[in-house]
Chemist: 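Have a look at this one.
Naming: A, B, ... by sequence-line order, numbering from 1 per chain. Just so you know, these numbers come straight off a predicted model, no measurement behind them.
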2 protein chains.
Amino acid sequence: MKKISKKTIERAFVYIRTLKSLLKDKEDYISSQELADILGTTDVQIRKDISYFGKVGIPGKGYEIRELETTLEKFILQKNIVRVVLFGVGNLGTALLKYPEFNKDRIKIIAAFDRDNRKIDKKINGVKIYSLKKVSSVIKKEKVDIGIIAVPKECSQNVANLIVRAGLKGIVNFAPVSIQVPDDVTVKNIDFSIEFLALFCNSNVAKAKQKNL
Amino acid sequence: MKKISKKTIERAFVYIRTLKSLLKDKEDYISSQELADILGTTDVQIRKDISYFGKVGIPGKGYEIRELETTLEKFILQKNIVRVVLFGVGNLGTALLKYPEFNKDRIKIIAAFDRDNRKIDKKINGVKIYSLKKVSSVIKKEKVDIGIIAVPKECSQNVANLIVRAGLKGIVNFAPVSIQVPDDVTVKNIDFSIEFLALFCNSNVAKAKQKNL
DNA sequence: TGGACTTCGTTAAAAATTTCACGATATTAT
DNA sequence: ATAATATCGTGAAATTTTTAACGAAGTCCA
Ligand SMILES: NC(=O)c1ccc[n+]([C@@H]2O[C@H](COP(=O)([O-])OP(=O)(O)OC[C@H]3O[C@@H](n4cnc5c(N)ncnc54)[C@H](O)[C@@H]3O)[C@@H](O)[C@H]2O)c1
Ligand SMILES: NC(=O)c1ccc[n+]([C@@H]2O[C@H](COP(=O)([O-])OP(=O)(O)OC[C@H]3O[C@@H](n4cnc5c(N)ncnc54)[C@H](O)[C@@H]3O)[C@@H](O)[C@H]2O)c1
């Protein structure tokens, strides 16, 4: 069996999300072409991706939506729930705590941590906010998978160190700085500014601007 | 001159950000290897990327930090300010309005729009919130480049339509759905759940979990 | 000043990803 | 039942991206 690429796995999650929303419709089947139209990609890309997960399509007809959805989901998540903890309950952190889609997507925020004493022991959306002293004990007890960094950028390396020391192997970093971690820890940086700037440069946006001036 | 790839442009923004933070230090020069260590990448990747922007390095010494920073910045942004408008001033939208890094990164939120009458005409962090009726007029007057979708997913296609009709060519979509737009409009989807789930699958995180069970 | 050493910039090779082309297979209509 | 049609699955080709290799160019120190 061939290894499934990162790109394919990412797209698989998009497929899953889309298929789930299609379940409500009256149609039972969808073709790679129709799915491609919805997602703005190509039918070949979709068939190629799906082929890594098995043969579930029906030539001449397409994919049974429900079957494809469960096939993909079982294959890549195996009924797991991804358990995360949040560091920093400020503007962004609070929004994350209130984001209802995480639960639907089987991502569970187990606990939050903040330095600000006024926030400690409060709950937001059912998630308790702890002092940083509790990091190690909470993480050990709760079988946490991933740590989210949503603290000011000056503190993000410190928090990353805490996360690593607690034994987590995955970090999502929203702070606009690079953090250093051991090789066996994976960091995913989400940097809004860069997304905006890159979109500006990589698309027709910049061209449109030039015309207007 | 060769075309610069999207990946290179994205990384260039990371380099710029890092170089700016290094300006405060006492060192004037940095080698590709040192920068790679900071960013968790390789020296070759960095030299390759930089080579698209010109020859600025000094063999045996490295890059002058300030010079490299200005070279990259001039090349890809040409002193532009990226002008954006926000749709949806809820949990996420409010956090975005309060995010101070956008200004530092030359991204300016010109205006926000919301459906909720109680929010209209209020200001957050100096940015005025308008009724949806004003979309077209504000966008036309203000030379906007990009629209941000931070409304509930059920409304995101509608808002996308508004954005397209107003003539914008770039959309950042935070809602966890795919939106359909004409070919000349570029959409960047930022889907937190997928980032988390993909990190979980693509890294050591899942393996660590298996061991623990 | 010269020679050892560093680090850049670039061409070539390797790896990863996407796209193409088409045979195989199920469907649908006659 | 058969022909026409639609759509899947996949090996091979094309493209893109990363990595390797190394000559060129400047640095640094004795
Ligand atoms: N606001 C946004 O929309 C946005 C967008 C992208 C990225 N970010 C980044 O996310 C991070 C948080 O942004 P924010 O707007 O929520 O900031 P914020 O100032 O509103 O919140 C920061 C929170 O972190 C807490 N904190 C500070 N130091 C801490 C530490 N060492 N350990 C634990 N908690 C600590 C503070 O008490 C506060 O509650 C920043 O790095 C920011 O650059 C924010
Ligand atoms: N909260 C998060 O951390 C988070 C994270 C990732 C993605 N998202 C996505 O971002 C979007 C917004 O999330 P949120 O948590 O801020 O939701 P929210 O409910 O707090 O805010 C939504 C806002 O949009 C406004 N609105 C509704 N329909 C509108 C319309 N047609 N035009 C303009 N404004 C409209 C509402 O009045 C409200 O102010 C959602 O699609 C959500 O899935 C949120």
Chemist: Can you name the salt bridge (charged side-chain N to carboxylate O under 4.0 Å, His left out) partners of A:D114, sequence neighbours left out?
Modeler: none
Chemist: Starting the side chain at C-beta, find the nucleotide from D:dT18, D:dC8, C:dT27 nearest to A:S31.
Modeler: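 My answer, after comparing the listed nucleotides, is D:dC8.
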Chemist: Can you check whether A:F196 and B:F102 have ring centres sitting under 6.0 Å from each other?
Modeler: yes
Chemist: Between C:dA12, C:dG9, C:dA21, which one does the side chain of B:K55 approach most closely?
Modeler: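 Nucleotide nearest to B:K55's side chain: C:dG9.
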Chemist: Mind running salt bridge (Lys or Arg N to Asp or Glu O under 4.0 Å) on B:E73 and B:R106 for me, showing each step along the way?
Modeler: CA-CA 11 Å; B:E73 199 164 35; B:R106 304 200 297 191; 3.8 Å; yes
Chemist: Does OP1 or OP2 of D:dA6 have a side-chain N or O of A:R47 closer than 4.0 Å?
Modeler: no
Chemist: Under 4.0 Å, counting only non-hydrogen atoms across every strand here, what does A:T8 touch: a base, just sugar-phosphate, or nothing?
Modeler: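 Nothing, no heavy atom under 4.0 Å.
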Chemist: Looking at B:Y63, I'd like to know whether one of its side-chain N or O atoms comes within less than 4.0 Å of OP1 or OP2 on C:dG9.
Modeler: yes
Chemist: Using the side-chain heavy atoms of B:S5, tell me which of these nucleotides is nearest: D:dG26, D:dA20, D:dT17.
Modeler: D:dT17
Chemist: Please confirm whether the shortest side-chain N or O distance from B:S32 to OP1 or OP2 of C:dC8 is below 4.0 Å.
Modeler: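 Yes, within the criterion.
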Chemist: Any side-chain N or O of B:K3 below 4.0 angstrom from OP1/OP2 of D:dT16?
Modeler: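 Looking at the OP1 and OP2 atoms of D:dT16, neither is under 4.0 Å from any side-chain N or O of B:K3.
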Chemist: Determine the contact category for B:G57: base if any of its heavy atoms lies under 4.0 Å from a base atom, sugar-phosphate if only primed atoms, P, OP1 or OP2 are that close, otherwise nothing.
Modeler: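 The answer is sugar-phosphate, as B:G57 gets under 4.0 Å only of primed atoms, P, OP1 or OP2.
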Chemist: Nearest to the side chain of A:P59, heavy atoms from C-beta on, is which of D:dT17, C:dT18, C:dA26?
Modeler: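 The nucleotide sitting nearest to the side chain is C:dA26.
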Chemist: Determine: side-chain N/O of B:Y29 to OP1/OP2 of D:dG26, distance under 4.0 Å, yes or no.
Modeler: no
Chemist: Nearest to the side chain of B:K61, heavy atoms from C-beta on, is which of C:dT19, D:dA21, D:dT27?
Modeler: D:dT27
Chemist: Between B:E101 and B:K104, does any NZ, NE, NH1 or NH2 come within less than 4.0 Å of an OD or OE carboxylate oxygen?
Modeler: yes
